[in-house]
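Naming: A, B, ... by sequence-line order, numbering from 1 per chain.
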2 protein chains.
Amino acid sequence: MNELVRRGTRGLLRDMNNSRVLQIIQAHGPISRAEIAKIGDLQPPTVTAIVNDFLRVDLVRETDLVRDNGNGSAAIGRRPILLCLNQTAAFAVGVKLRQHGMTIAVTDLGGTIVYRSESVLPNHTPDEALRFIADRVENAIEVAAINSTKVIGLGIGMPGIVDYRNGVCCFSPLLEWEGVHVTSTLESILGMPAYADNDVNMLTAAEIAYGAGREVSDFLTVTVGQGIGLGIVLRGEIFRGAAGGAGEFGHVKIESDLLCECGARGCLEAVASDVGISQQVAAAKHLSSIDIIEALELARAGDREVLAIVEHAGEVLGRSVGNLLNLFNPELVIVTGEGTRAGDLLFAPMRRALEGAAFGTLGRDTHLVIQSWGDEAWARGAASIVVHEMLKPPIYEARSAGPLVHLLARSIHGGTT
Amino acid sequence: MNELVRRGTRGLLRDMNNSRVLQIIQAHGPISRAEIAKIGDLQPPTVTAIVNDFLRVDLVRETDLVRDNGNGSAAIGRRPILLCLNQTAAFAVGVKLRQHGMTIAVTDLGGTIVYRSESVLPNHTPDEALRFIADRVENAIEVAAINSTKVIGLGIGMPGIVDYRNGVCCFSPLLEWEGVHVTSTLESILGMPAYADNDVNMLTAAEIAYGAGREVSDFLTVTVGQGIGLGIVLRGEIFRGAAGGAGEFGHVKIESDLLCECGARGCLEAVASDVGISQQVAAAKHLSSIDIIEALELARAGDREVLAIVEHAGEVLGRSVGNLLNLFNPELVIVTGEGTRAGDLLFAPMRRALEGAAFGTLGRDTHLVIQSWGDEAWARGAASIVVHEMLKPPIYEARSAGPLVHLLARSIHGGTT
DNA sequence: TCATTTAGTTCCTTAAGTTAATTAACTAGA
DNA sequence: TCTAGTTAATTAACTTAAGGAACTAAATGA
């Protein structure tokens with residue numbers, strides 16, 4: 001039934017508690033050992049031992065911040081030594097692939113981008129493309145002047161269906177990739193753990209690590225832009241489905257005859273994405289094409305025909321998201337992507353339709369966050385998947401030792417520079 | 001982020017390996033210790049120690065079955081001692097609540113029903129109803145002549161939204177329950193672990209334990225009958241959503257004006273459930289009502305009008321299930337419930353619509369099983385949730401010690417009867 | 001100065017996986 | 001029939017990491 005769970009080995013205990021302590025330090029800012037023990041339900045000696053490992057690797061640092069009770073009165077007893085994550089103890093590389101280009105970002109553990117580059121992705125075979133990517137990554141690390149032993153891994157996001165567990169790009173029409181073994185190739189060239197994922201999941205990972213999903217264990221990320229995507233977070237983990245194709249939300253079918261880019265008719269994407277809306281507007285206005293921004297200006301200017309199209313898009317989107325609530329019952333839905341610039345034009349009808357479609361009180365009980373769009377989110381997201389892999393409880397079997405194990409193991413030999 | 005994972009305590013290792021070994025014995029039939037060690041990636045001494053615990057409690061028994069290589073030629077070396085689960089070492093009680101009645105079933109670990117009873121559920125307050133249920137359960141155990149120390153727990157399924165983790169029935173229109181603390185009440189009366197769940201999830205649990213989902217880690221159970229329900233299995237675990245309301249599939253909205261029993265318009269249930277179909281047929285034939293069986297007979301007799309209604313129901317159902325494939329990407333979809341008696345009348349158009357709605361090759365890659373309907377499935381399912389709780393890896397924090405821990409702990413004091 | 005309180009460490013114990021050696025039970029060939 | 005070879009299962013010694021008690025450190029306040 002569940003052969004994926006790790007067996008009970010001695011190392012598992014330490015791995016789990018390592019992750020537990022590190023996660024607490026990361027989440028609860030400067031914090032004392034005693035407080036960690038309390039929050040994590042661990043024994044003080046265990047915390048001491050684990051923290052010592054982290055201090056040795058310089059992953060965690062002691063601050064000389066003096067305790068303050070808030071009300072100004074100093075508390076009794078020995079002052080705690082506050083610990084915080086050393087954000088620059090390690091770095092992660094994020095790669096976002098597009099149809100003809102790629103963005104590379106190097107971030108520290110806090111998600112701060114320390115280096116960024118754009119490249120044109122030459123039109124080669126998958127294998128050549130991967131070699132090119134690896135070359136650009138090596139170059140980025142060099143130019144960013146980062147000690148390569150401090151790089152804990154590479155996250156790479158791409159459009160299409162990706163088998164995360166095995167690191168294989170199953171099917172990507174835009175890249176024209178099918179069954180490409182992404183991570184194994186990159187790992188063997190670069191010598192660091194690599195993680196490949198669908199691009200929407202990269203964004204979702206950023207939400208888990210730094211965004212609105214930070215405090216929430218079950219939420220959905222809906223991306224509206226050129227296409228419509230969905231990231232699913234269950235129990236604090238990104239859910240990817242049996243073979244990695246979960247969340248093809250844009251190709252959910254609704255009652256409509258509009259032709260989608262995927263070749264099918266009636267996809268949500270064909271009605272409610274930026275591309276879908278502008279195509280509908282172009283057809284209505286008898287134009288060969290129209291930019292989404294111009295289309296929205298027409299709507300804002302009060303063009304009834306265009307308004308109706310956008311409103312309908314909002315309704316359809318709202319109903320589809322409402323159906324998601326029925327299925328997933330999340331605490332939170334984050335809507336993001338370039339499409340958020342449509343604002344209330346799209347989201348007022350969306351909210352209405354959403355409450356109508358959700359079962360019982362689900363529509364009112366679920367928080368909805370419309371998040372304005374930052375272009376750097378993709379890049380941070382790709383890197384944050386690596387950080388996330390480092391922090392998550394190592395409960396399931398993995399292809400290889402995770403970033404944290406690597407980091408701790410390395411400096412047993414290497415010393416503490 | 002993920003405070004739900006258990007901390008790394010010494011007992012965790014043994015708990016995890018206990019579960020691992022027991023699961024292997026349960027799944028792989030009569031099996032030797034050596035083979036368990038191989039499959040489970042455990043050391044032989046660990047297996048021996050764990051198996052000894054199980055033998056002491058009589059949960060597992062040694063058989064004198066002689067090894068046979070299949071080709072008749074006896075193998076070299078010492079013959080393995082084959083182990084198998086003692087199905088009657090423990091019993092679980094399952095309760096299925098309906099609007100005005102309840103079914104109680106007592107099963108052994110293999111899911112064999114050893115006792116079964118029906119009761120009318122008197123129309124009382126939730127608290128009185130729970131007392132009544134507890135009374136009937138105690139009676140059932142007594143009449144079934146089972147040593148009460150061998151009863152490992154109670155599973156109770158009900159229509160509506162149930163918070164499984166906290167054992168609370170949040171909202172059940174049929175029972176007129178809202179915020180009822182089911183398990184804590186039953187546990188305190190009966191003195192055994194209790195688990196409350198949505199009724200569809202009970203069926204799904206049965207599929208995991210004994211059905212088509214036995215070998216599959218990600219699948220969906222779609223129940224078609226009076227209503228339409230959905231059970232979601234991810235990584236071998238039933239997924240219940242943030243507050244237990246995941247899987248309100250019957251109230252997913254489609255393009256339709258039909259009024260659903262829930263008060264909303266356009267629910268899938270209003271179009272494609274038994275009730276929905278017969279209501280549509282009744283309206284078309286200008287009858288006040290018609291039985292679903294008669295309606296299907298009309299269709300089989302060739303009534304074009306009725307055929308169109310059933311066909312449309314199948315299409316809508318297929319499109320909705322196809323959308324589920326896009327979202328969950330399961331390996332398998334099991335369709336079950338009374339509605340399966342409609343046969344190809346409903347499922348031929350369903351299959352067609354399904355393939356059209358699923359993205360890319362998802363429709364062809366996913367197995368679809370239409371499962372004929374056994375009435376005892378609900379009852380077995382409720383009990384099997386307890387068995388499932390006993391077998392599953394104890395990775396997450398639980399309200400109290402699970403059934404396996406209970407069983408092993410009890411007979412340290414009690415001896416091995 | 002000294003009792004009190006909270007933080008953090010040290011040392012010993014204990015549970016449970018790990019390893020290697022040992023015993024058990026069997027087959028096949030000389 | 002004896003012996004070498006092989007697989008199964010157990011035993012005993014070892015190791016790791018959590019658990020717990022005692023102890024040191026550092027602060028407050030009378």
(request) Just call it for B:Thr46: base, sugar-phosphate, or nothing, with non-hydrogen atoms closer than 4.0 Å on any strand. (result) base

(message) If I take atom CZ in residue A:Arg14 and atom P in nucleotide C:dA15, what distance separates them, rounded to the nearest angstrom?
(response) 19 Å

(message) Taking any heavy-atom pair under 4.0 Å as a contact, classify A:Gly8: base, sugar-phosphate, or nothing.
(response) sugar-phosphate

Short N/O separations, protein against nucleotides 13-15 of chain D, under 3.5 angstrom:
{"from": "D:dT15", "atom 1": "O2", "to": "A:Arg10", "atom 2": "NH1", "distance (Å)": "2.9"}

(message) Using the salt bridge (charged side-chain N to carboxylate O under 4.0 Å, His left out) criterion, which residues pair with A:Arg165? Sequence neighbours excluded.
(response) none

(message) Salt bridge or not between A:Arg14 and A:Asp53? Use side-chain N to carboxylate O under 4.0 Å.
(response) yes

(request) Just call it for B:Leu42: base, sugar-phosphate, or nothing, with non-hydrogen atoms closer than 4.0 Å on any strand. (result) nothing

(request) With the side chain of A:Leu13 defined as its heavy atoms from C-beta on, choose the nearest nucleotide among D:dT7, C:dG8, D:dA17. (result) D:dA17

(message) Do A:Glu237 and A:Lys392 have side chains that approach each other closer than 4.5 Å (heavy atoms only, starting at C-beta)?
(response) yes

(message) In this structure, how many angstroms lie between the P atom of C:dT23 and the CD1 atom of B:Ile81, rounded?
(response) 17 Å

(message) Please confirm whether the shortest side-chain N or O distance from A:Asn17 to OP1 or OP2 of D:dA17 is below 4.0 Å.
(response) no

(request) Begin with the C-alpha distance, continue with both residues' side-chain angles, and end with the deciding distance and a verdict on side chain to side chain contact (heavy atoms under 4.5 Å, CB included) for A:Phe91 and A:Asn147. (result) CA-CA 9 Å; A:Phe91 298 86; A:Asn147 183 340; over 6 Å; no

(message) Output the rounded distance in Å from CG (A:Leu12) to C1' (C:dT18).
(response) 15 Å

(message) Applying a 4.0 Å non-hydrogen cut-off, can you work out what B:Thr9 is touching in the nucleic acid: base, sugar-phosphate, or nothing?
(response) sugar-phosphate

(message) Considering only residues two or more places apart or on different chains, which pairs with a residue in residues 22-31 of chain A satisfy salt bridge (charged side-chain N to carboxylate O under 4.0 Å, His left out)?
(response) none

(message) Between P on D:dA9 and CZ on B:Arg33, what's the gap in Å once rounded to a whole number?
(response) 6 Å

(request) Return the set of residues passing salt bridge (charged side-chain N to carboxylate O under 4.0 Å, His left out) with B:Arg10 (not counting sequence neighbours), or none when no residue passes. (result) none

(request) Would you please name every residue forming a side chain to side chain contact (heavy atoms under 4.5 Å, CB included) with B:Leu12, sequence neighbours left out? (result) A:Leu13, A:Met16, B:Arg6, B:Thr9, B:Met16

(request) Taking side chain to side chain contact (heavy atoms under 4.5 Å, CB included) as the test, write out the residues that go with A:Leu42, two or more places apart. (result) A:Asn17, A:Arg20, A:Val21, A:Val47, B:Arg7

(request) Check every atom of C:dG8, D:dA9, C:dA28 against the side chain of B:Ala34 and return the nucleotide holding the closest atom. (result) D:dA9

(message) Using OP1 and OP2 only, check whether a side-chain N or O of A:Arg79 sits under 4.0 Å from D:dA25.
(response) no

(request) Hey, which sits more toward the 5' end of DNA chain C by its nearest nucleotide, A:Pro45 or B:Pro44? (result) A:Pro45

(message) Output the rounded distance in Å from CZ (A:Arg78) to P (C:dT9).
(response) 7 Å

(request) Quickly work out the B:Gln43 CD to C:dA21 P distance and round it to whole Å. (result) 15 Å

(request) Return no unless some side-chain N or O of A:Arg7 is found under 4.0 Å from OP1 or OP2 of C:dT18. (result) yes

(message) I need the CG-P distance between A:Asp41 and D:dG20, as an integer number of Å.
(response) 11 Å

(message) Using whole Å, what does the distance between atom C1' of nucleotide D:dA9 and atom CD1 of B:Ile50 come to?
(response) 15 Å

